Amino acid sequence: MNALQETSTAGPSTLPEGARGAHRVVLFGPPGIGKTTAAARLGRQLGLPVHRLAPGPQDARIPCAGLLELALALQPLPAARELAEALDGAAGEPDSPDGAGTALRLRRLTAAVLRDAPPLTLVVDNAQWLDAASTAVLGWALRLAPALPVVVAERARRPEAGGHWCGEDAATVRVPPLTAPQLATLLAPYRLTPREVERIHLRSGGNPALALALADAGPSASRPGEDEAALPPPARRLVGEWLHEVSAPVRELLTLAALDDRPDLALLGRLAGPAAEQLLVEAEAAGLLDPGQPDGRVRFAASAIGTELAARLPDSTRRLLHARLADAGHDAVRRDRHAVLAADPADPGAARQLASTATRAAGRARLRGEHPLAAELSLLAAERTPREDAELLTERALTAVRDAARCGDLPRSRSAARLVLGHDSRPAPRVDALLALIDASGQHLHSADELFADAVHEAAGQPDLTARILVRQAIWANVNDGDPQRACALAARAAGLARSAGDTVSTAMALTMQARLQRILGRPEAEATLGRALSLPRGTHIPVNATPEHLAARHALFDDRLDDARTALLPLLVEAERTGDAEGTVDVLRGLAEVEVRAGRCTRAVDCARRAQELTDRAAMPPGPACYTSALVAGAATCTDSALAQARRGVDASRQGGNRVFLSRNLSAVGHLLLVTGHPKEALEALEEVRALERLQQVRDPSVLRWHADLAEALVAVGRLGEADDLLAETSRAATELGRSSVLPALERSRALLEAARGDYDTAARRLTDAADRLHLLPLERGRTLLALSHTERRGRRRASARAAARSAVDLFTAHGAHAWTDAATGTLHRLDHAPAAIGTPPRLTGAEQRCAELAAGGASNRDIAATLNVSVKTVEATLTRIYRKLGLQSRVQLARTVAPGRARADRPAP
């Protein structure tokens, strides 16, 4: 990479950790990581004029080229002109610039230049190309100018501490890669989909120059497309420069790692012997590997590094290296993989044996849950199957399509589908291949109309095949087109055709989809339709999130039958994980997270949401669904700031991906979080868009997505009381007609706030008390209602009642680990407790404060208290601060004298 390229690279939005405030800084890292940008930003932040030296590769061989650049940059100074003349003179001397006299003169003149220069910051960019003579002279002169700020950017492994030429006390800082959000900002002008951005982040490892090179090549190079084996030329050049930072033995070892799907230290140690560890240390120091991987794994900092190493190999060399890996492997499945890849695919004598080996290995990988490996092996088996074995080829190719679909591997799904379509003329397998490809693509399918048209053509005259296509079209019409009426009609047609053909599996799928849409549309026959689907036998190759059992669990969640929902979801999770159904696993985990958070089991909810988010990111699935659930859980259990960031990410992804269903859901999460954090105007904007989307999608059932109470509360908060009244009346009427009693308590809470806004505090308080009494099975909703009661009682000047309600809310949220709500309720209670009290009245601690004080008085650390009370350390710190203020104390010693110590585990809430 030349200096111009690196200068154009956008770096992180903030300065690297350790650089801020330092007087002299050495920024280091691999090519393209953004050192130039970070150096320029740091230089500007020091507030002085910046003088930049930028040597190039050609300058490294010319003695004193760097000194000449410095002299010319500061030429108005007499000392700089004298230095330039001395350099001209030295160039003609036989011993220059190594002679003692010349060297001393250059040092004296350089020191004079730095001494006489006006206040400035010296930035030396691409310092790896600063010639040795200039490095020696500058290093000496800079020791005599300790007040001069210096920023050095160099492509290097970590410089040794205390030994850099720009100063012994220089801070050496590695420039970090961009995070996913930073990279999304960098690539915003390219208008890529979230999935394309995520793919570029994985391939580039957050290296901005590499990411831009991938994005410049167009969508086919940045999404999981047809040819991901080769990088575009600019990216190849950059990765090549990066790889040439290390020795040939390191590159050889990394090439072996690139050919294995899961390389580890043990494998590479068997291949390279005792030198392997030191070679990997060198690779890590150059930033080629991510250190600290679990189980001794070896992982490239950017997957493009492995791609480039593999692409450089001639076929014959690649096969030889696979043979070495097969001999050294310690896992039977991976030994078989390498053995298949080591053989010549053009050898007809070995083809059948290779295909059988790959098929057996794929089966073992599938049973172990290693579905990406199973997908690769299944495709290898199909590709190695002789063309004359037509039926076996089709069977293996369809297996490969399904394996790839399970783990979201769209390129392999496409390759396997092409094998079927190219070698089998029968309608059933051709439709199977097209439908599996549609399933693998999800919302990322850019050619849906063509694929659906091809499938309909292949299924002509066969009702069972047509029914299966109609089910997929119904899903598409609902999720992408936001047209549940049309989707419901398609599902009904599919059910009729499948029933007439005697296909019970397709009938169950179609009825399930029809029942899902009938519930959305508020049709009373939804449960009867679902009951018919549940009565039919389960089929194979059906994702768990398309089964009637999963829909029954969702309906139980909508109705707040939480135990029923959890009981139904747990076996589905086992099934989804066992079969490697990534999308189904995410949906079941999301459902469990929603169940647990509504039931007040926040720790479990956080775990389920985290697993769903990690699997979504790992499999490069659409982030909208997992972001919605993460926001829902984090907004109650952890931190509203992180929850809001997740919800907004989900909004952006769903909007770009055209997923109207999860656009509504994420917008509702944004509106809820803004409302509960005191931003009703901003909340109103998001929630009114939700209302518009739900109307557009003809959603009538208010239990499916519960935004109505939040919108009414936001309308009340901004003074639009009439609109709030109309919304509450309309929603209550629909909920009552449909029998959705689970929706009513939240609507009653909003109705009470409306009455309070109109000055009727007595009626509002009674309504809130009644609503809270109906929410014993939903502790967080009960706590939120108690908090609303506290606010209402305070406005009605009943401070004691307000305090009691707030204290009950704090205790309830604390007991259930709802840390975000605990913080909000604690703030309310704190404001109430700091009202003027009667003279002589001792300050009172809340129940949560008393337990915290007792544990602290007993000597427990903040972390121990947090673990005991199942709250965050931040909450403990805030609670102790309030306790000290209330009791007029300054230290834990005083607290121990004032409060009786409590037993460490006595008051720990039940899980």
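On a predicted model such as this, the values are computed, not experimentally measured, just so you know. Values below: all heavy atoms of this structure, side chains included; hydrogens, waters and symmetry mates excluded.
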Quiz item: Salt bridge check: are Asp327 and Arg324 linked by an N-O gap of less than 4.0 Å?
Solution: no

Quiz item: Salt bridge between Arg649 and Glu198, side-chain N to carboxylate O under 4.0 Å?
Solution: yes

Self-check item: ring-ring contact (aromatic ring centres under 6.0 Å, His included) involving His51 - partner list, sequence neighbours excluded
Solution: none

Does any N or O in the side chain of [X] come within less than 3.5 Å of the main-chain N or O of [Y], such that one atom is a donor and the other an acceptor?
{"X": "Arg337", "Y": "Leu377", "result": "no"}
{"X": "Asn126", "Y": "Trp129", "result": "no"}
{"X": "His23", "Y": "Pro146", "result": "yes"}
{"X": "His201", "Y": "Leu178", "result": "yes"}
{"X": "Lys35", "Y": "Gly29", "result": "yes"}
{"X": "Trp140", "Y": "Leu104", "result": "no"}
{"X": "Arg299", "Y": "Asp290", "result": "no"}
{"X": "Asp336", "Y": "Val333", "result": "no"}

Could you tell me whether the side chain of [Y] reaches within less than 4.5 Å of the side chain of [X], counting heavy atoms only?
{"X": "Ser247", "Y": "Glu282", "value": "yes"}
{"X": "Leu238", "Y": "Leu231", "value": "no"}
{"X": "Asp216", "Y": "Tyr190", "value": "yes"}
{"X": "Asp131", "Y": "Pro55", "value": "no"}
{"X": "Leu148", "Y": "Arg24", "value": "yes"}
{"X": "Leu313", "Y": "His322", "value": "no"}
{"X": "Leu27", "Y": "Thr36", "value": "no"}
{"X": "Ser204", "Y": "Leu183", "value": "yes"}

Exercise. Please name all residues satisfying side-chain contact (heavy atoms from CB on, under 4.5 Å) with Ala213, sequence neighbours left out, ordered by chain then number.
Key: Pro234, Ala235

Exercise. For Ala258, check side-chain contact (heavy atoms from CB on, under 4.5 Å) against everything at least two apart and list the hits.
Key: Phe300, Leu309

Cut-off 3.5 Å, no hydrogens considered: what does the side-chain donor-acceptor table look like for residues 66-84, sequence neighbours left out?
| unit_1 | atom_1 | unit_2 | atom_2 | d |
| --- | --- | --- | --- | --- |
| Glu69 | OE2 | Ala54 | N | 3.0 |
| Arg81 | NH1 | Gln75 | O | 3.3 |
| Arg81 | NH1 | Pro76 | O | 2.9 |

Quiz item: Once you round to the nearest 0.5 Å, how far does CZ of Arg335 lie from CG of Leu325?
Solution: 12.5 Å

Self-check item: Non-neighbouring partners of Arg655 that pass side-chain hydrogen bond (donor to acceptor under 3.5 Å, both in side chains), sequence neighbours left out
Solution: Glu689

Quiz item: Taking only residues two or more places apart in sequence, or in another chain, which ones meet Arg107 in a side-chain hydrogen bond (donor to acceptor under 3.5 Å, both in side chains)?
Solution: none

Exercise. Taking all heavy atoms of Thr616 and all of Ala626, pick out the closest pair and write down the distance.
Key: OG1-CB, 3.4 Å

